[in-house]
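Worksheet: the structure to be examined is printed underneath.
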Amino acid sequence: MNIQIANELIEMARHDLQVRDKLLKEGKLLAGYHPEMESVHKKNAACLNEIINAIGYPTRLIVGREASDAAWLIVQHAISEPALMRKCYELLSRSDGEVNPQNLAYLHDRICYFEGRPQKYGTQFDNRGLYPVEDKEEMIRLRKELKLGELEQNAIIEIKTDEHKNLHPDDLEFNSWRKQVGWI
């Protein structure tokens, strides 16, 4: 196990959550992507990308459970780095049980959310509540399989057609940001 990289990942995740908690307490996370939070996310994403280029994705085997989960948190929060999120999803998909399967589900849905596609596992929410899902029955089955917990049935919006093309509300600032960073 690579202790040095493990400690670095854990510290980056800890710092992310500290800044998040501070900004939440100050009421600064309610209106868009706060520049201080984005700066932390971008710095952490760049460091994680360097780690991945050096050792591959930091799985449990390479850095231990806590650090592997920290790497996932960094990826999950790297919302202005779609290429990194997609790259990590591919690496996680091929990790052969060496990452938490719940983390893979969350990352899949997070990418779907920012791309404006329906999610698969029901892990993401937007201003309307639970973000729309591809297939309600499959989502329920997958959530049970991954021990993600149950969702209220009346909160599930299922998408069965091509109506998913513009799932995000008419938020010009958000959609402009998604285009600017490369989600759409």
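The existence of a salt bridge linking Glu115 and Arg86 is confirmed by a sub-4.0 Å separation between a basic side-chain nitrogen and an acidic carboxylate oxygen.
Glu36 pairs with exactly one of Lys22, Lys28, Arg20 by the salt bridge (charged side-chain N to carboxylate O under 4.0 Å, His left out) rule, that one being Lys22. The ring-ring contact (aromatic ring centres under 6.0 Å, His included) with His108 is formed by just one residue from the set Tyr121, Phe114, Trp72; it is Tyr121.
With a 4.5 Å cut-off on side-chain heavy atoms, Cys88 and Ile52 count as touching. Contact of the Ile62 side chain with the Met1 side chain is not registered, since no non-hydrogen atoms from C-beta on lie closer than 4.5 Å. Arg110 has its side chain out of reach of Thr123: every pair of non-hydrogen atoms, C-beta onward, lies at least 4.5 Å apart. Taking the side chain as every heavy atom from C-beta outward, Tyr33 and Ser80 approach each other to under 4.5 Å.
Within a 6.0 Å sphere centred on CD of Gln4, other residues, nucleotides and ligands contribute 12 heavy atoms or fewer. Other residues, nucleotides and ligands contribute over 12 non-hydrogen atoms within 6.0 Å of the CG atom of Asn53. Taking a 6.0 Å sphere around CZ of Arg65, one finds it holds 12 or fewer heavy atoms contributed by other residues, nucleotides or ligands.
Remark: the backbone N or O of Pro58 is paired with a side-chain donor or acceptor of Ser68 at under 3.5 angstrom. Between the side chain of Asp109 and the backbone N or O of Gln119 there is no donor-acceptor pair closer than 3.5 Å.
Under the 30°/60° scheme for interplanar angles, the aromatic rings of His77 and His41 are found to be tilted.
The minimum heavy-atom distance between Thr59 and Ser95, with the atom names listed, is CG2-CB, 4.3 Å.
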Please output the side-chain donor-acceptor pairs of residues 6-14 that fall under 3.5 Å, not counting sequence neighbours, one pair per line with the distance.
unit_1: Asn7; atom_1: ND2; unit_2: Ile3; atom_2: O; d: 3.4
unit_1: Glu11; atom_1: OE1; unit_2: Arg14; atom_2: NE; d: 2.8
unit_1: Glu11; atom_1: OE1; unit_2: Arg14; atom_2: NH2; d: 3.0
unit_1: Glu11; atom_1: OE2; unit_2: Arg14; atom_2: NE; d: 3.4
unit_1: Glu11; atom_1: OE2; unit_2: Arg14; atom_2: NH2; d: 2.1
unit_1: Arg14; atom_1: NH1; unit_2: Gln18; atom_2: OE1; d: 2.4

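Transitive grouping of hydrophobic side chains (ILVMFWY, heavy atoms separated by less than 4.5 Å) keeps Leu61 and Ile55 in distinct clusters.
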Evaluation steps, ring-ring contact (aromatic ring centres under 6.0 Å, His included), between Tyr113 and Tyr131: CA-CA 7 Å; Tyr113 172 77; Tyr131 190 69; 4.9 Å; yes
